[in-house]
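Just below is one structure, and these are the notes that go with it.
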Amino acid sequence: MNIPNADWVNPLIRLLEAVQLAVLRLLSWAGMTGTSEGQPAWPWAVRLTGENLLIDLGQARRLAWTLALLAIAFVLLLLALFWRRRRWWLVATVPLLMLIAPWPDASVLLAPAQPTSFHRSPTGFSAASIAQGRALYAQDCVACHGAEGRGGPLASAQSVWPPNLAGPLLWRRADGEVLWRILHGTHDRRGQATMPAFADSLEADDAWALIDFMKANAAGQGLRASGTWAQPIALPGMTVRCDGHAPRPLSTWRGQRVRVVLADASTPLPLEDPRLVTIVVRTATRLHSTPTPECEVDNADARDAFALIAGTDTLPGLQLLADRDGWLRARGAPGQATWSEDDLVCRTDLAPQAATRPPASDGLGALIARIDAEPVRFVKGGFVH
Ligand code: HEC
């Protein structure tokens with residue numbers, strides 16, 4: 001998605017989110033709201049949303065101006081507290097500012113909310129959670145939504161066709177609202193149930209696991225169909241064993257680039273490279289004789305998660321690169337000898353000109369330069385790449 005001016009709309013959407021989260025934390029700290037599914041519950045039936053601001057830049061501009069004037073009003077009130085002689089002048093200016101503020105339309109800014117709207121997933125997008133979600137999906141969801149997420153045998157019997165779960169839907173929705181829909185079902189305008197509720201058979205943990213699985217699945221489907229990860233997908237969480245060290249979570253390498261190599265006995269392992277951390281994920285009990293990997297993962301959930309995200313069953317020899325923020329960015333096909341910029345499958349359309357990047361001595365260097373120059377700027381309800 002390439003949207004002009006997203007550079008200033010994104011921070012605005014982030015601000016709306018942060019302010020509401022802060023209010024929620026404050027309410028919960030003051031004991032003024034209960035909990036829902038283990039996290040503080042949003043007490044109102046509506047919330048502020050940024051989704052529409054990207055479509056309606058005029059409203060986004062009005063909101064930005066209004067927020068700026070509100071900030072000035074706040075500063076004036078603070079000043080009035082201390083500056084006695086000018087106090088009434090300062091205070092009188094505030095209603096004036098509120099009058100001239102170009103308030104945005106409430107209908108653009110407000111969206112229906114659920115108690116779980118601001119919930120964060122506790123799973124860390126782990127391979128174990130994806131595997132848990134996969135089993136539940138096969139059991140409870142596949143009949144209507146289909147193995148690929150595009151509709152199953154019961155889809156046509158529903159009053160509305162189930163949405164395509166293999167597309168960008170899950171990146172546009174607030175995670176907490178997807179959670180709510182899985183647990184409590186969906187209803188049409190007349191209050192008629194469109195998707196059944198699963199709260200009787202599933203816990204919140206199960207629903208979070210389903211969300212992880214559906215995202216991994218959608219990423220793989222997208223890669224198969226279009227050759228790109230149109231929505232950013234994170235390196236899944238898993239436990240890594242390194243020579244002579246206690247096992248540690250893969251996420252502890254956040255801040256460094258990670259290269260994941262899926263390997264069996266026929267896969268020659270790449271040499272260590274100072275630009276990356278190399279993690280070997282075994283797809284077989286025996287590995288190629290040399291060199292021995294320094295850090296490795298030997299776990300069926302991890303293999304399955306990578307198969308799902310990469311949309312392929314041919315794992316040995318597959319390589320994936322994650323950036324310093326933990327987003328998966330590039331894919332190297334099995335048997336591919338070197339890297340090039342074409343391997344970047346999670347990219348923005350706002351690519352900086354090649355000329356502005358430092359020249360690279362090899363394909364991997366060029367790819368890394370491009371990854372660093374185009375960081376993922378993922379904002380829920382905003383610009384997603
Ligand atoms: C009986 C059929 C049926 C089953 C079973 C079912 N769904 Fe749905 N699902 C639907 C329909 C129909 C919709 C569209 C609802 C709407 O738009 O009003 C939907 C919508 C959704 C959505 C999109 C919600 C949104 O925000 O728009 C998600 C996510 C979803 N289902 C996940 C699941 C998961 C996970 C399961 C298994 C636990 C599941 N569904 C089981 C029929 C089903």
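Whatever order the structure lists ligands and atoms in, that order sets their numbers, starting from 1. Everything numeric here is computed off the predicted structure, so don't read it as measured data.
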Going by distance only, is there an N or O of [X] that falls short of 3.5 Å from an N or O of ligand 1?
X	result
W161	no
Y137	no
H145	yes
Q158	no

Could you tell me whether [X] and [Y] make a salt bridge, using a distance below 4.0 angstrom between a side-chain N and a carboxylate O?
X	Y	answer
E51	R172	no
D298	R303	yes
D175	K380	yes

> W208 vs H119 aromatic rings, parallel, tilted or perpendicular, using cut-offs 30° and 60°?
Replying inline: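 The rings of W208 and H119 lie parallel, inter-plane angle below 30°.
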
> Which word best sums up how the rings of W42 and W44 line up, parallel for under 30°, tilted for 30 to 60°, or perpendicular for over 60°?
Replying inline: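 Perpendicular: the ring planes of W42 and W44 meet at over 60°.
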
Distance to 0.1 Å, residue and atom name: give those for the protein heavy atom nearest to [atom].
atom	result
atom 17 (O) of ligand 1	V160 CG2, 4.3 Å
atom 24 (C) of ligand 1	R181 CD, 3.7 Å
atom 18 (O) of ligand 1	T194 OG1, 2.7 Å

Around atom [atom1] of [X], are there more than 12 heavy atoms from other residues, nucleotides or ligands closer than 6.0 Å?
X	atom1	value
R324	CZ	yes
E203	CD	no
L81	CG	yes
D313	CG	no

Please could you name the atoms of ligand 1 that [X] approaches to less than 4.0 Å, counting only its heavy atoms?
X	answer
I182	35 (C)
C144	1 (C), 2 (C), 3 (C), 4 (C), 5 (C), 42 (C), 43 (C)
L169	23 (C)
T186	15 (C), 16 (C), 18 (O)
R173	25 (C), 26 (O), 27 (O)
C141	34 (C), 35 (C), 36 (C), 37 (C), 38 (C), 39 (C), 41 (C)
P163	13 (C), 14 (C), 19 (C), 20 (C), 23 (C)

Taking heavy atoms and a distance under 4.0 Å, where does [X] meet ligand 1: side chain, backbone, both or neither?
X	result
A143	neither
D140	both
L136	neither
V178	side chain

> Think R61 forms a cation-pi with W8, using NZ or CZ under 6.0 Å from the six-ring centre and within 45 degrees of its axis?
Replying inline: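 Not satisfied by the 6.0 Å and 45° rule.
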
> Given M195, H187, E177, which has its nearest heavy atom closest to atom 11 (C) of ligand 1?
Replying inline: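 Comparing heavy atoms across M195, H187, E177, the nearest one to atom 11 (C) of ligand 1 lies in M195.
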
> Given R329, which of D343, D323, D372 fulfils the salt bridge (charged side-chain N to carboxylate O under 4.0 Å, His left out) condition?
Replying inline: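 Answer to the salt bridge (charged side-chain N to carboxylate O under 4.0 Å, His left out) test with R329 among D343, D323, D372: D323.
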
> Mind checking whether L169 and V178 sit in one hydrophobic cluster, side chains of I, L, V, M, F, W, Y counted as touching below 4.5 Å?
Replying inline: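 Yes, because L169 and V178 connect within a single hydrophobic cluster, where side-chain heavy atoms sit under 4.5 Å apart.
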
